[in-house]
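Everything on this sheet refers to the single structure shown next.
Just so it is clear, the structure is predicted and the values come from calculations on it, not from any experiment. A, B, ... follow the sequence lines: proteins, then strands. Residue 1 opens every chain.
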Amino acid sequence: MLTLKQSRRLQSLIIGALAWAIAAVIFFPIFWMVLTSLKTEIDAFATPPQFIFTPTLENYLHINERSDYFAFAWNSVLISVSATLLCMCLAVPAAYSMAFFETRHTKRTLLWMLSTKMLPPVGVLVPIYLLAKQFGLLDSRLALIIIYTLINLPIIVWMVYTYFKDIPVDILEAARLDGATTWQEIVRVLLPIARGGLASTMLLSLILCWNEAFWSLNLTSSAAAPLTALVASYSSPEGLFWAKLSAVSTLACAPILIFGWISQKQLVRGLSFGAVK
Amino acid sequence: MNSPAIDTPAAQASTPVAHKPRRLAPGWFLVSPSVALLLIWMIVPLGMTVYFSLIRYNLLYPGENDFVGLENFEYFVTDAAFLSGAGNTLLLVGSVLLISVVLGVLISALLEASEFFGRGIVRVLLISPFFIMPTVSALLWKNLIFHPVSGILAAIWQFFGAQPVDWLAHHPLFSIIMIVSWQWLPFAILILMTAMQSLDQEQKEAARLDGAGPIAIFWHLTLPHLARPIAVVVMIETIFLLSVFAEIYTTTSGGPGYESTNLAYLIYTQALLQFDVGMASAGGLIAVVIANIAAIVLIRMIGKNLTDKQ
């Protein structure tokens, strides 16, 4: 007969083994990508796939060979950061007034904002494409910055709103009593308190912008193309350089993966529009 | 309530509780940029789409922009591609939702069932695919997993003496469902796991003391607790799954034939490959209507939950 403690331990062992097995299967493609990026092109294409090989950093050293990797990476950074900052500038005041000066329209406005996310991008692909063409914004970073700001705005407003909602109104009242203007109240009191929440909101926005692959594929060709487009260019048959593709992909995903790991708890809140804590 | 005197500190000090709609002006002023931009973002392109959908408009034949009424819709809907496109869209959204919700509930229940060695690492590994950009995950699966010669699956098939399968050529939609599920299952796990942690442990313990088995606890306690998070997962995933694009673009290009074309990809081919703006716009509007039907149903289901939490 097993004692209670022993059966608990056995249970934990079985559950642990099962969980590790599932995690290994789900994570395998990413692991395999990193492994392939350390192979030579010949090893990468070998059958059967090789687990043991002499690792090489060659692919990373020659990352610029096939295309100008750093130009694409720079576009990704510039577009994601600009769109995120712009989005925060719009979202913080909106969330501030909705969280602390609630009117009977607030809830409806919030739901309406969410509903704009329901508009599938293909529904407006043609006009946006033609407008971009008209204004000479095809293949420009500005077009992507504007679009990313707008498509992420609802999520960001929601997320900032839920963070602000947790802050006691009394603290702001106190600042107001001391004669602070609205501007001072936001910058000197509210933002420092909500620092953590705002940081994870920005992280979420960066992740969404970095990985966006509908508008970046349709509106850019070379000059403004971010990493998503660079990776997509490897899908053509002439791009059978798997080791290099893996190296490029690994570099493109690594920063976001690390951001994601750091902020997983907060992401839940943002991605569920505050409904799950 | 709106008298100017309210804004003076003295008046506030005398009525400390009355902080409801005071200072309405800044509130309205601060929300309006976001609202105005989103309104423009919705109305202008959508209006243009409606207009384009009613005229003949092909970029290859400039100047022939007659009003044609609903002809574009008629052509789009009666085209053979539309039926398979709509069918594939439903199949894709439905299957991925089913896979990610069912497996998501089971996996997160497993992770929360007991403490075990390296649970934090397992968590991180499980949610990782969600952060991989769509073009990378599509090519990763295409070249390293599904490839009929040197992919991992081919090696496994060969190990068991079976003929390797050319997944993307013979089962294109199934393959894309696999790729997209791999991206979205982690999202479900992430949300559901967090939700499960907020489940009242004492309640669970009480149920256990009353003689409830693990399955009974899961069925009567955990699952009802998960109703709202599951609704959230379904809503968010539906939004994104209706417009899956990059995964198809980089793997099968919708083929062979229309076997793996969804509505988003179909509209893209109409607009930017065949330059038929009129048809593409009609298709776009149909996609909008479908998305809105889904949205209305879903918002009805959980919209109340989202705002009434405080």
Side-chain angles (χ1 to χ4, degrees), chain A residues 11-12 15-16 19-20 22-23 26-27 29-30 32-33 36 45 47-49 90 93-94 96-98 101 103 107 111 113 116-128 150 153 157 177 182 211 213-214 217 228 231-232 234-235 242 249 253 256-257 260-261 264 268 272-273 275-276, chain B residues 9 21 26-27 30-31 33-34 38 41-42 45 48-49 52 107 110-111 113-117 122 124-128 131-136 139-140 143-145 149-150 152 155 190-191 194-195 229 232 239 242-243 245-246 250 264 267 271 277 280-281 284 287-288 291 295 303 306-307:
Chain A
Q11 193 192 5
S12 146
I15 286 176
W20 270 99
I22 293 171
I26 288 186
F27 191 74
I30 300 173
W32 193 241
M33 169 177 82
T36 306
F45 201 76
T47 39
L90 289 165
Y96 162 76
S97 94
M98 286 200 274
F101 301 95
T103 67
K107 280 180 180 163
L111 275 182
M113 284 188 167
T116 65
K117 282 297 291 176
M118 303 286 177
L119 186 67
V122 279
V124 292
L125 168 64
V126 175
I128 296 293
L150 290 169
L153 191 57
V157 169
L177 285 182
T182 303
N211 287 347
F214 179 79
L217 291 178
T228 42
V231 173
Y234 275 87
S235 68
W242 293 358
S249 304
C253 294
I256 291 306
L257 203 52
W261 288 341
Q264 42 166 318
V268 171
S272 64
F273 299 95
V276 177
Chain B
L30 292 172
V31 181
S34 299
L38 282 175
W41 165 246
M42 255 182 103
M48 286 173 75
T49 307
F52 292 154
I107 292 176
L110 183 74
L111 283 178
S114 152
E115 190 64 52
F116 58 84
F117 173 71
V122 166
V124 161
L125 294 181
L126 279 173
I127 59 169
S128 295
F131 301 113
I132 301 296
M133 57 174 69
T135 49
V136 167
L139 283 185
L140 186 61
N143 290 338
L144 303 180
I145 310 286
V149 178
S150 56
I152 287 293
L190 186 65
I191 300 271
T194 314
V232 170
I239 295 175
L242 277 172
S243 28
F245 174 77
T250 39
I267 294 161
V277 173
S281 302
V288 170
L306 284 179
T307 43

### Query
Among A/S249, A/P29, A/C253, which residue meets the side chain to side chain contact (heavy atoms under 4.5 Å, CB included) test with B/I132?
A/C253
## Note on the structure
Residue set satisfying side-chain contact (heavy atoms from CB on, under 4.5 Å) with B/A113, at least two apart, ordered chain then number -> A/I15
### Query
Would a distance-only check, ignoring hydrogens and angles, find a side-chain to backbone donor-acceptor pair under 3.5 Å from A/W32 to B/L140?
no
### Task
Could you have a look at A/I256, A/V157, A/V122 and say which one has the most heavy-atom pairs with chain B under 4.5 angstrom?
A/V122
### Summary
Pair count under 4.5 Å, heavy atoms only, with chain B: among A/I128, A/L125, A/L150, A/T116, highest is A/L150
### Message
Let's go through B/F117 and A/S12 carefully: what are the C-alpha distance in whole Å and the side-chain angles of both, what is the deciding distance for side-chain contact (heavy atoms from CB on, under 4.5 Å) to 0.1 Å, and is it a yes or a no?
### Response
CA-CA 8 Å; B/F117 173 71; A/S12 146; over 6 Å; no
#### Entry: B/T135 side-chain N/O to A/T228 backbone N/O, donor-acceptor pair under 3.5 Å
yes
### Task
Grab the two heavy atoms, one from B/F116 and one from A/A19, that are nearest each other, plus how far apart they are.
CZ-CB, 3.5 Å
### Task
Taking side-chain hydrogen bond (donor to acceptor under 3.5 Å, both in side chains) as the test, write out the residues that go with B/S243, two or more places apart.
none
### Query
Looking at B/L111, B/I107, B/V124, B/I267, which one has more heavy-atom pairs under 4.5 Å with chain A than the rest?
B/V124
### Query
Side chains of A/T36 and B/N143: does their closest heavy-atom pair fall under 4.5 Å?
no
### Query
So which part of B/L144 gets closer than 4.5 Å to some heavy atom of chain A, the side chain, the backbone, both or neither?
both
### Task
Could you look at A/L257 and say if it's the side chain, the backbone, both or neither that has a heavy atom under 4.5 Å from chain B?
both
### Task
Assess whether side-chain contact (heavy atoms from CB on, under 4.5 Å) is satisfied between A/W20 and B/L125, documenting all intermediate values.
CA-CA 9 Å; A/W20 270 99; B/L125 294 181; 4.2 Å; yes
### Task
Indicate the atoms forming the closest heavy-atom contact of B/S128 with A/W261, along with that distance.
OG-NE1, 3.0 Å
## Note on the structure
Under 4.5 Å to a heavy atom of chain A? For B/I145 that would be side chain
## Note on the structure
Note: vs chain A, highest number of non-hydrogen pairs under 4.5 angstrom among B/V288, B/I152, B/V277, B/L242 is B/I152
### Message
For A/L90, is there any backbone N or O sitting under 3.5 Å from a side-chain donor or acceptor partner on B/S34?
### Response
yes
## Note on the structure
CD1 (A/I26) and CD1 (B/I127) are apart, to the nearest 0.5 Å, by 11.5 Å
